[in-house]
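Every chain is numbered from 1, with letters handed out A, B, ... down the list of sequences.
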There are 2 protein chains.
Amino acid sequence: MTKDVICETVGGDGCGLKKVLDIIGGKWKILILCAMKNQGPMRYGQLRKTIVGITNTMLAQSLKEMNKDGLVQRKQYDEMPVRVEYSLTPKAESMVPILMELKEWGEANL
Amino acid sequence: MTKDVICETVGGDGCGLKKVLDIIGGKWKILILCAMKNQGPMRYGQLRKTIVGITNTMLAQSLKEMNKDGLVQRKQYDEMPVRVEYSLTPKAESMVPILMELKEWGEANL
DNA sequence: CAGCATCCGTCACGATACTG
DNA sequence: CAGTATCGTGACGGATGCTG
């Protein structure tokens, strides 16, 4: 008997919506998500070139947080020089369709 | 031939997803959305009591912006004392199901 | 009752330089 | 190449008091 509500406890931190907004919020995370969704696994420098305007600080920090949140997987190849590839986890992939809907809603309504 | 992408131009402001996140972003707007979705039209003071922790500044500011963005309708009754009721617009209502999906995703995955 | 004005603190974000 | 370290700034949010 699921009630037709978004947040049962308004203001509570248990709200799933707040959690989601927390992990994809901020200025850059959805852009990183977009980039990797479009282009598949990407290297650090590739991401920096693709996402116009992002700095080392923000890219590194965002990737680290998204990795911790289980959205991004980091794979390091100990070659010379070092190569690191970032890719979306299945969890992140499963969120993308919903974000697509939101995107389409935004384009239709804003 | 819609491509399976979220943002065509990564970093561009034209992205519908960014627009949506802009109008429901911040600390309080989704909570306001939640409150009104759950309880229907609400008065100012009612909102302030329901949304634990919100201040006059933030509530008034958020409502004004959401009204400008077409998410919230303001109806003023010139009684004594003044009574004002806020309600969700059809546009906002149409966004709610998508937010519900995100919420459920968050609860299942976070 | 339903707000607005003002002041202030904090933190996300940015710029720059440097390292394994 | 793939980051870290440090410092600076501005916008967002909070506290308080006042008004139609």
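Spacing between atom CD of A:Gln61 and atom C1' of C:dA15 amounts to 14 Å, rounded to whole angstrom units. Atom P of nucleotide C:dG3 and atom CD of B:Gln46 are separated by 13 Å, given to the nearest angstrom. Separating the CG atom of A:Asn56 from the C1' atom of C:dC18 is a distance of 11 Å, rounded to the nearest angstrom. What separates CE of A:Met66 from P of D:dG3 is a distance of 14 Å, to the nearest Å. For the pair B:Asn67 CG and C:dA2 C1', the interatomic distance rounds to 15 Å; values are reported in whole Å. Distance A:Glu65 CD to C:dA12 C1': 10 Å, rounded to the nearest Å. Rounded to whole Å, the distance from CD on B:Glu79 to C1' on D:dG20 is 16 Å. What separates CG of A:Asp78 from C1' of D:dA2 is a distance of 12 Å, to the nearest Å.
Contact annotation: A:Trp28 side-chain N/O to C:dG14 OP1/OP2 distance is under 4.0 Å. OP1 and OP2 of D:dG3 both lie 4.0 Å or more from every side-chain N or O belonging to A:Arg83. A:Arg74 has a side-chain polar atom (N or O) that falls below the 4.0 Å cut-off from OP1 or OP2 of D:dG3. Phosphate proximity of C:dA2 to B:Arg48: absent, as no side-chain N or O sits under 4.0 Å from OP1 or OP2. A close approach under 4.0 Å does occur between a side-chain nitrogen or oxygen of A:Tyr86 and OP1 or OP2 of D:dG3. Side-chain N/O atoms of A:Lys27 include one lying less than 4.0 angstrom from OP1 or OP2 on C:dG14. OP1 or OP2 of C:dG3 has not a single side-chain nitrogen or oxygen of B:Lys64 nearer than 4.0 Å.
Contact annotation for A:Thr55: backbone-only contact, meaning every heavy-atom pair under 4.0 Å involves sugar-phosphate atoms and none involves a base.
Along DNA chain C, the nucleotide nearest B:Thr57 and the nucleotide nearest B:Arg43 are compared for position; the residue whose nucleotide lies closer to the 5' end is B:Arg43. Heavy-atom nearest nucleotides on DNA chain C were determined for A:Gly25 and for B:Val84, and the one closer to the 5' end corresponds to B:Val84.
Closest to the side chain of A:Met58, out of C:dA17, C:dG14, C:dC1, is C:dG14.
For the side-chain contact (heavy atoms from CB on, under 4.5 Å) test with B:Ser87, the passing option among B:Gln73, B:Glu93, B:Lys75 is B:Gln73; the others fail.
Partners of B:Arg43 according to the salt bridge (Lys or Arg N to Asp or Glu O under 4.0 Å) rule, which considers only residues two or more places apart in sequence or in another chain, do not exist here.
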Side chain to side chain contact (heavy atoms under 4.5 Å, CB included) between B:Ile32 and B:Leu71, worked out: CA-CA 11 Å; B:Ile32 296 174; B:Leu71 295 180; over 6 Å; no

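Using a 4.5 Å heavy-atom threshold, the side chains of A:Trp28 and A:Leu63 count as separate.
A distance-only check finds a donor-acceptor pair linking the side chain of A:Lys91 to the backbone of B:Asn109 [under 3.5 Å].
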